[in-house]
Amino acid sequence: MNPDQARAAILAAVAAIPAGAVQSYGRVAQLAGLPKRARLVARTLSQLPDGSGFPWHRVVRAGDCIAFAPGSADFDRQRALLLAEGCKVSTNGRVSPRAAPVATLDEQLWGAMFGDWSGP
DNA sequence: ATACTGACCCCCG
DNA sequence: ACGGGGGCCAGTA
């Protein structure tokens, strides 16, 4: 998979997160077909132009916690955007999503075929 | 080529 | 709760 395809897949996965829900970097990478590349997701989001309206704020660290340092400008920005979508965000950055995340098309198909079977 | 550095993740004491 | 250590990968110096 070339870098441009990877970038597109990541952005698509992020754009698919519904308002009020959050996903972790690792999960976004996985959904984008890029397992073990959480850092690439972070880097990709970091290079987003601001004011694009792209919902980068729905991506958080594993454990539903904002990745930025509490008190930083970026932290406050992300917190405000999440609050505006109805999530609860504690001052330390812990996020309680208002909505459940939705799976990718692939995952929905797999779920339909195998239910919640989690492996051999 | 080596050496850090990061909007990361996970396990273990 | 909390730090340490390993794994991971793309940029940058």
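Within every chain, numbering begins at 1; the chains are lettered A, B, ... in the order of the sequence lines, protein sequences first and strands thereafter. These values consider heavy atoms only, across backbone and side chains, with no hydrogens, waters or symmetry-generated copies. Since the model is a prediction, treat every value here as computed from it, not as a measurement.
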Checklist entry - Between C:dG5 and B:dA7, how far is it from one P atom to the other, in whole Å? => result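 Per the computed distance, 22 Å lies between those P atoms.
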Next on the checklist: Taking C:dC8 as the reference, what is the distance to B:dG6 when you measure between their C1' atoms (whole Å, please)?
Outcome noted: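 Their C1' atoms lie roughly 12 Å apart.
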Item to check | Sequence neighbours excluded, every pair satisfying salt bridge (Lys or Arg N to Asp or Glu O under 4.0 Å) that has a member inside residues 50-68 of chain A | outcome: A:R58-A:E85
Listed partners of [X] passing side-chain contact (heavy atoms from CB on, under 4.5 Å), at least two apart:
X: A:P70; result: A:F75
X: A:L81; result: A:W56, A:H57
X: A:R98; result: A:A19

Checklist outcome for this item: Here the side chain to side chain donor-acceptor pair (under 3.5 Å) pairs for residues 69-78 of chain A, sequence neighbours left out, are A:D74-A:R77
Item to check | Candidate list A:L34, A:L40, A:V41, test side-chain contact (heavy atoms from CB on, under 4.5 Å), partner A:V28, passing option | outcome: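 Of the listed options, the one satisfying the test is A:V41.
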Kindly give the atom pairs (protein nitrogen or oxygen, nucleotide nitrogen or oxygen) under 3.5 Å for nucleotides 1-5 of chain C.
none

Item to check | For A:R37, all residues meeting salt bridge (charged side-chain N to carboxylate O under 4.0 Å, His left out), sequence neighbours excluded | outcome: none
Checklist entry - Base, backbone or nothing for each nucleotide of nucleotides 7-13 of chain B, written B, S, -, heavy atoms under 4.0 angstrom, 5' to 3'? => result BBSS---
Next on the checklist: Expressed as a whole number of angstroms, how long is the span from A:L40:CG to B:dG6:C1'?
Outcome noted: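 Result: 12 Å.
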Checklist outcome for this item: Rounded to whole Å, the CG-P distance (A:D4 to C:dA10) equals 13 Å
Item to check | Contacts of type side chain to side chain donor-acceptor pair (under 3.5 Å), residue A:N92, not counting sequence neighbours | outcome: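 Listed in chain order: A:S90.
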